[in-house]
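Just so it is clear, the values below take in all heavy atoms, side chains as well, and ignore hydrogens, waters and symmetry mates. As the structure is a computational prediction, the values presented were derived from the model and not from experiment.
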Amino acid sequence: MRRIAVKAMWIRKTAWTACAAAAVALCAWCMVDNLLPAVRENGGAWALRAAGLTVAPEAEASLQPDGGGALAETPETEADGILSPWAEPEPEVAPTPDPERETAPVASTWMGGGETVDGFSVKDTSESGVDLYEELQIDPDVHVKRDGSPVVLLYSTHASESFLLSDIDWYYTDDDFRSTEPDESILSVAAEAAAVIEAGGFGVIHDTTLHDYPAYSGSYDRSMETIRKNLEAYPTIQITVDVHRDAFGEDEDGTRYKPVAEVNGKDAAQIMILTGCDLSEDPLFPDWRENLHFALRLQQKGEALFPGLYRPLFFSQRNYNMHATHASVLVEVGTEVNTLSEAQYSGRLLGETILAVLNDLAE
């Protein structure tokens with residue numbers, strides 16, 4: 001009886017093992033039946049990557065379905081619509097003009113000229129008679145520390161100025177290129193500059209007050225009030241930068257131009273720095289030479305870091321609230337038909353330029 005029981009137990013174990021083996025074989029057959037067409041179509045490299053394994057570059061060619069050296073294309077989506085990890089991002093579809101609205105062309109240009117001062121350009125219409133090279137030798141009256149205290153104020157007198165949102169070669173002639181959305185306006189350009197300066201260890205205040213909306217007239221009076229409030233709240237501020245975008249007007253056929261420079265293989269909106277002077281008998285802006293020293297240093301650094309990005313420094317008999325501090329300037333980033341991405345990229349480059357000057361001047 002004991003032999004019969006042992007034999008029965010052996011039979012049961014053998015039967016269970018056989019059933020398990022048959023189940024494994026069936027699963028394996030199903031996997032091969034489902035995966036083999038995909039492997040044939042996409043190659044062994046695809047199968048290995050799908051399993052989470054790494055394929056050596058020299059071995060990848062032998063794993064292609066046709067034996068070629070190029071990596072076989074893989075389906076961008078699975079049957080259930082889930083995006084494949086190797087799917088290429090869909091290209092941005094350029095907008096087409098609304099036939100109900102009139103359009104005109106956009107053209108790129110590069111702005112140069114002016115007189116050369118120690119390797120950079122200045123457009124001097126001030127009639128001040130100053131020797132710009134001699135003024136360049138004088139250090140700016142800026143004394144900053146890298147202790148996190150605010151030293152730079154960024155603001156925009158015309159904060160609603162905006163740009164093209166897509167890289168297109170046309171614009172709507174009825175577009176006023178104004179936006180109260182900070183992410184679409186010049187405020188986003190100033191924000192890029194502020195982030196770079198702050199990451200470099202210097203305190204920055206970016207004031208996003210809309211000075212030109214709802215009323216455009218009186219914008220500079222309102223922005224001067226913003227400057228005063230910030231200087232009172234943060235007495236360590238020594239540099240104020242009014243960030244704008246420019247506009248060139250248009251040709252007879254309506255063509256508008258955007259100033260573009262290539263920086264590190266990427267299009268950037270050209271930047272123009274403005275500084276002023278006051279030659280009147282009772283000047284509101286008596287210390288304008290101090291501002292000129294800072295503007296010259298900023299222009300020099302910008303040209304050294306990013307050749308061709310900066311248009312000639314514009315030196316004229318203007319104020320634009322530059323009397324606020326000894327290092328108050330205005331900058332123009334691109335025009336209304338530059339793209340927002342070009343302008344924001346230039347905002348980062350402007351921030352790097354200001355940061356480099358701060359590093360030179362830091363105590």
Side-chain angles (χ1 to χ4, degrees), residues 92-116 121-127 156-181 184-189 211-220 242-263 266-276 299 307-318 320 330-347 350:
E92 181 181 350
V93 178
T96 55
D98 180 347
E100 301 298 320
R101 298 175 66 185
E102 184 180 355
T103 63
V106 171
S108 297
T109 189
W110 183 84
M111 304 294 290
E115 63 178 283
T116 301
S121 297
V122 179
K123 182 179 180 182
D124 182 2
T125 65
S126 69
E127 300 181 347
S156 295
T157 295
H158 298 150
S160 70
E161 291 176 328
S162 66
F163 304 86
L164 287 176
L165 299 182
S166 301
D167 189 7
I168 52 179
D169 60 1
W170 52 270
Y171 70 95
Y172 289 118
T173 57
D174 61 357
D175 195 333
D176 64 359
F177 291 99
R178 300 278 166 176
S179 175
T180 56
E181 295 295 329
E184 297 180 0
S185 72
I186 194 67
L187 292 176
S188 70
V189 178
H211 305 104
D212 61 338
Y213 182 86
Y216 186 84
S217 178
S219 298
Y220 279 96
D242 190 0
V243 185
H244 291 247
R245 64 119 173 95
D246 207 351
F248 293 163
E250 58 191 49
D251 288 345
E252 290 184 3
D253 65 350
T255 299
R256 295 190 185 183
Y257 293 88
K258 62 175 185 176
V260 176
E262 185 176 302
V263 179
K266 186 176 178 180
D267 282 348
Q270 275 191 287
I271 301 169
M272 181 172 65
I273 302 169
L274 288 81
T275 191
Q299 183 80 16
L309 173 64
Y310 285 83
R311 294 161 56 188
L313 169 66
F314 188 37
F315 178 34
S316 65
Q317 292 189 44
R318 304 290 177 88
Y320 297 129
L330 184 151
V331 298
E332 303 267 15
V333 181
T335 68
E336 77 279 19
V337 290
N338 277 98
T339 66
L340 180 63
S341 61
E342 290 167 349
Q344 290 174 339
Y345 180 39
S346 294
L350 173 64

A.B. asks: With T173, which residues qualify under side chain to side chain contact (heavy atoms under 4.5 Å, CB included), at least two apart?
C.D. replies: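 Expected list: E102, A104, Y171.
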A.B. asks: For E342, which of R245, K258, K266 qualifies under salt bridge (charged side-chain N to carboxylate O under 4.0 Å, His left out)?
C.D. replies: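 For E342, the salt bridge (charged side-chain N to carboxylate O under 4.0 Å, His left out) test succeeds with only one of R245, K258, K266, which is K258.
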A.B. asks: Is F314 close to V122 at the side-chain level, that is, under 4.5 Å between some pair of heavy atoms?
C.D. replies: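 No, side chains not in contact.
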A.B. asks: For the backbone of R311 and the side chain of Q299, can you confirm whether one donor and one acceptor N or O come within less than 3.5 Å of each other?
C.D. replies: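 Here the side-chain-to-backbone pair exists.
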A.B. asks: L340 versus L164: any side-chain heavy-atom pair under 4.5 Å?
C.D. replies: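 Contact flag for L340/L164 side chains = no.
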A.B. asks: Does the side chain of Y172 pick up a donor-acceptor pair with the side chain of D98 at under 3.5 Å?
C.D. replies: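 The answer is no; no qualifying pair exists.
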A.B. asks: Hey, does V260 have a side-chain heavy atom less than 4.5 Å from the side chain of T109?
C.D. replies: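 Contact flag for T109/V260 side chains = no.
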A.B. asks: Applying side chain to side chain contact (heavy atoms under 4.5 Å, CB included) to I273 and Y310, what does each step give before you reach the verdict?
C.D. replies: CA-CA 8 Å; I273 302 169; Y310 285 83; 3.9 Å; yes
A.B. asks: Can we say D212 and R178 salt-bridge, meaning some charged N sits less than 4.0 Å from an Asp/Glu carboxylate O?
C.D. replies: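 R178 and D212: salt-bridged.
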A.B. asks: Can you give me the closest heavy-atom contact between S185 and S188, atom names plus distance?
C.D. replies: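 For S185 and S188, the tightest heavy-atom pair comes out as O-OG, 2.8 Å.
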A.B. asks: Roughly how far apart are T157 OG1 and Y216 OH, rounded to 0.5 Å?
C.D. replies: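 Spacing of OG1 (T157) from OH (Y216) equals 9.0 Å.
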A.B. asks: Answer yes or no for K123 and F315: cation-pi contact, defined as NZ/CZ to six-membered ring centre under 6.0 Å and angle to ring axis within 45°.
C.D. replies: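 No cation-pi geometry.
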A.B. asks: As an exercise, state the distance from OG of S108 to CG of D267, rounded to the nearest 0.5 Å.
C.D. replies: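 Rounded to the nearest 0.5 Å, the OG-CG separation comes out at 7.0 Å.
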A.B. asks: From E250 CD over to T255 OG1, what is the distance, rounded to the nearest 0.5 angstrom?
C.D. replies: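 Nearest 0.5 Å value for the CD-OG1 distance: 8.5 Å.
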A.B. asks: Taking the ring centre of each residue, are Y220 and H158 less than 6.0 Å apart?
C.D. replies: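 Ring centres of H158 and Y220 closer than 6.0 Å.
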A.B. asks: Would you compute the distance between atom OG1 of T335 and atom OH of Y257 and round it to the nearest 0.5 angstrom?
C.D. replies: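 Interatomic distance, T335 OG1 to Y257 OH, rounded to 0.5 Å: 11.5 Å.
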A.B. asks: Hey, is D175 close enough to R101 for a salt bridge, meaning N to O under 4.0 Å?
C.D. replies: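 No.
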A.B. asks: How close do V263 and Y345 get, heavy atom to heavy atom, and via which atoms?
C.D. replies: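 Closest approach of V263 to Y345: O-OH, 2.9 Å.
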A.B. asks: What closest approach, in Å, do A269 and S346 show between heavy atoms, and which atom pair accounts for it?
C.D. replies: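 A269 and S346 have their closest heavy atoms at O-OG, 2.5 Å.
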A.B. asks: Can you list everything that forms a ring pair (Phe, Tyr, Trp, His ring centres under 6.0 Å) with F177? Sequence neighbours excluded, please.
C.D. replies: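 Not a single residue meets the ring pair (Phe, Tyr, Trp, His ring centres under 6.0 Å) criterion with F177.
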A.B. asks: Identify the heavy atoms of S156 and I186 that sit nearest to each other, and give their distance.
C.D. replies: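 In terms of heavy atoms, the two residues are closest at OG-CG2, 3.7 Å.
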A.B. asks: If I take atom CD from residue E336 and atom CG from residue D246, how far apart are they, to the nearest 0.5 angstrom?
C.D. replies: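 If I round to the nearest 0.5 Å, the distance is 8.5 Å.
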A.B. asks: Which atoms form the tightest heavy-atom contact between A343 and V333, and what is the distance?
C.D. replies: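 Closest approach of A343 to V333: O-CG1, 3.8 Å.
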A.B. asks: Which atoms form the tightest heavy-atom contact between L274 and L313, and what is the distance?
C.D. replies: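 That would be N-CD1, 4.4 Å.
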A.B. asks: Would you say D242 and H244 are linked by a side-chain donor-acceptor pair, where the criterion is simply a distance under 3.5 Å?
C.D. replies: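 Checked: H244/D242 side chains pair up, N/O donor to acceptor below 3.5 Å.
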A.B. asks: How long is the span from the CE atom in M111 to the OG atom in S121, to the nearest 0.5 Å?
C.D. replies: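 Taking CE in M111 and OG in S121, the distance rounds to 12.0 Å.
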A.B. asks: Just to verify, what does E181 make a side chain to side chain contact (heavy atoms under 4.5 Å, CB included) with, not counting sequence neighbours?
C.D. replies: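 Checked E181 against side chain to side chain contact (heavy atoms under 4.5 Å, CB included); matches are S179, E184.
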A.B. asks: Would you say Q270's side chain and P259's backbone share a donor-acceptor pair under 3.5 angstrom?
C.D. replies: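 No; zero donor-acceptor contacts below 3.5 Å.
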